[in-house]
Amino acid sequence: MECVLLRPVPEPPRTTHTIEFPYTRTLGPVIGPFLTGLRDQRILGARTPNGGVLVPPLEWDPATGEAIEPDLVEVGPGGTVETWAWVTQPSRKHPLDHPFAFALIRLDGASTGLLHAVDAGSMDQMRTGMRVTARWKDERIGHMTDVVFVPEAAA
Amino acid sequence: MSAADTAPAEDGPVTMMDYFMQLEYHELLCPVVRRYASQLLEGRLVGHKCPSCGLVYVPPRGYCPICVVETTDADEIVLADKGTVTNYTVVTPVQYYGQEETEPFVRASILLDGEGGMMNLQDIVDVPVDDVHVGMRVEAVWKPPGERNVDEISNRSWGSAEGCIDGWRPTGDPDVPAEQLRDKAF
Amino acid sequence: MLDVAIVGYAQSPSWRNAELTEPQFLFPVISEAIERAGIERRDIGFTCAGSCDYLSGQTFAFVSNLEAVGAWPPISESHVEMDGAWALYEAWVRLQHGDIDLALAFGSGKSSPGRLDEVFSLQLDPYTLTPLGADPVSLAALQARAMLDKGTITERDMAEIAARSRQSAADNPHAQIRSSPDADALLQEPYLTAPLRRHDLPPVSDGACAVVLATADRARATCERPAWIRGIDHRVEPHQPGMRDLTESISTRQAAKHAGVDDAPVDVAELCATFTHQERLLREAMGLDDTVRVNPSGGPLAANPVMAVGLARIAEAARAISEGGAGRAVAHATSGQCLQQNLVCVLEGA
């Protein structure tokens, strides 16, 4: 903590504090295989009773709330950008330290959009409907950031 | 690049995930706590005395939550730096993430003499942990003026005088009977 | 359903960086709401608060907030880790039991100490969204892009909504931004998170709001022109942003239908459109045409005290009826990213 109390500053003094929680979460029968898949360079979706494929896979159908039997199928690694946002000033929590796009990516074989980062270099490389594909990290641990997406043309 | 080129060392199923959550906050010190902190640096404990019920709040809050009336500088009083332990607990630290203590320590509630005012979560020093008891008479151990700081004082210090008072030590005076302190636990 | 009306309300100013603590700035707001209701504090049968401890990073901050209420001797109270609008919903449900006739709901938040993008990333799916640092502004930008691509809004429309909202706040003493350059000037600004510019976002605000509810007899006895709650409903959509249509607000449409928005014409709508494009989306979901005055207070684009901003919409709608001569008003509050969860409240003067 620091405090600038009683120094001649133009605005009132402020205190700083930091909170930290080192969480460890169990992953379960659907997210576990999904993140295992990322480690192994495979992207998995969950097949719903009505024939859709949810990515990321869920344990229930968001349309009906019904439980889904884990029936995981491989999708991607290519896909189409459904919508995107260009992040000009990435925060320390973002997956890339330089400007990038967040996008909803409809991976080939999926029926929903996956939120992920597209490392496109500059905003003028982005457009809705463009093709992107997975770029895997060398060191993968089973985590969302094992992968980012890049324009297919650049891959 | 193929999967075989970059296969990670571990190949069993991934069943757990770590997430290190960290958030930083920067908050302005509110006026009544600024005043409290500046008085601590001068070696004085101050509080607000509720004009309605007479309860003393240290540090001042700017209101009495019991009577729901605002309190101001006009309600400020200088408090004693001697008092009586009304309640305490001995914490045996578990070494969870972020725990910096390693040995058992005391956190005590101290009712200040005279006008009153409760100092909560105070350290008792110069006495073995096992000897701390309700009714024990104590006095503040002030840091020398040049060594005082209020770096740890925040809007939610809950009576902390850290940086100015190192703790409270026994005066050796006779105890106050515990039955006189039953409604002064916190 | 028992008839319940809003008989008192109050708001704090909206500060960029409040010097007071949350209980300290709540204190006069709650007292003012009670005073305006013309009731005694001890007559309140139930109190419900909405706030978020992560905003200030202090465990049990919501308990400290009770110090502003007068909670001794112990009172009957509850808390939601949500906007105060949901606290009002709980208070309205509590009044339906019929055994008490007055309830207090309040919401408060101090956004300035932390970083809202990092705090609100933590309300997302902890396996697939929080690890990406997905934040409210980026997600709202995805939604705006989807609407732009679909042709249901333009960047100029968005700038005009920003300019109009901020200019509407000129006479609102609780607002933080009370003037604006015109849309042409706003469109010259660079993108923050494209396609959003600074004006598409709300300000960062600290503030509080409190509302007093009364059942029918008590409302008539204490208030000259109560704002009667004729319908209130809230609905939620799937959490994953890629698993719902971001260009529509189905949950708002459902809540509006169940609250009876289209039973009669609406004079005023106070919408929790935290980003410019969301105003368009909400108007369409509720079927509000151009005759409806939308956000005469300026709305969240002029002041966004998180956890109080939705309740403030209800308070502003009630004010439009009790003081502004409106006959029928609609208030909306939201929770989650990209309007995931929505509450709609219909108020009438008679």
Side-chain angles (χ1 to χ4, degrees), chain A residues 1-44 56 70 72 74 77 91-93 95 133-147 150 155, chain B residues 1-44 59 62 95-100 145-146 148-158 160-164:
Chain A
M1 293 221 197
E2 60 159 332
C3 175
V4 290
L5 196 78
L6 299 184
R7 284 185 211 147
V9 289
E11 68 166 26
R14 55 182 71 214
T15 52
T16 295
H17 73 279
T18 302
I19 60 173
E20 294 178 339
F21 293 110
Y23 290 118
T24 302
R25 302 177 198 279
T26 53
L27 297 175
V30 171
I31 297 295
F34 174 65
L35 293 183
T36 304
L38 293 184
R39 186 200 59 192
D40 298 340
Q41 295 184 309
R42 299 165 68 222
I43 305 172
L44 300 178
L72 301 176
E74 191 166 348
S91 81
R92 62 179 183 148
K93 309 278 186 181
T133 193
R135 183 182 74 199
W136 300 98
K137 272 190 189 169
D138 291 343
E139 297 286 327
R140 296 181 307 282
I141 57 170
H143 192 269
M144 278 302 278
T145 55
D146 284 350
V147 65
V150 291
Chain B
M1 192 186 303
S2 74
D5 295 336
T6 57
E10 294 181 45
D11 56 3
V14 177
T15 59
M16 306 287 277
M17 187 186 112
D18 290 334
Y19 181 74
F20 187 75
M21 192 282 261
Q22 185 196 53
L23 293 170
E24 256 184 36
Y25 298 89
H26 306 272
E27 188 173 24
L28 298 175
L29 270 190
C30 68
V32 292
V33 172
R34 287 214 304 275
R35 167 78 186 165
Y36 170 76
S38 68
Q39 293 297 296
L40 271 184
L41 288 173
E42 301 293 322
R44 278 190 294 274
Q95 298 305 304
Y96 54 72
Y97 176 85
Q99 174 63 269
E100 291 172 357
R148 290 176 196 154
N149 71 79
V150 287
D151 296 350
E152 297 291 326
I153 304 297
S154 75
N155 287 342
R156 295 244 305 173
S157 292
W158 287 95
S160 169
E162 200 172 338
C164 293

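Every chain is numbered from 1, with letters handed out A, B, ... down the list of sequences. Computed from a prediction, not measured in an experiment: that's the story for all the values here.
- Around the OH atom of B:Tyr96, the shell of radius 6.0 Å holds no more than 12 heavy atoms that belong to other residues, nucleotides or ligands.
- In terms of heavy-atom pairs under 4.5 Å with chain B, the best-connected choice from A:Lys93, A:Arg42, A:His143 is A:Lys93.
- The contact between B:Tyr19 and chain A is made by backbone and side chain atoms together, counting heavy-atom distances below 4.5 Å.
- Under the 4.5 Å side-chain criterion, counting only non-hydrogen atoms from C-beta, B:Met16 is in contact with A:Thr26.
- Close approach to chain B, defined as a heavy atom under 4.5 Å from one of its heavy atoms, is seen in A:Gly32, A:Leu35, A:Thr36 of residues 30-38 of chain A, taken by number.
- Taking every heavy atom of both residues into account, A:Thr15 and B:Ile153 meet most closely at CG2-O, 3.2 Å.
- Contact detail for A:Arg39 and B:Asp11: the closest heavy-atom pair is NH2-O, 3.0 Å.
- Of the possible donor and acceptor atoms, none in the side chain of A:Arg25 sits under 3.5 Å from a partner among the backbone N and O of B:Asp18.
- Separation of atoms CD1 (A:Ile19) and CD (B:Gln22) is listed at 9.5 Å; rounding is to 0.5 Å.
- Smallest separation of non-hydrogen atoms from A:Thr18 and B:Glu24: OG1-CG, 3.4 Å.
- When all heavy atoms of A:Thr16 and B:His26 are compared, the pair lying nearest together is OG1-ND1, 2.9 Å.
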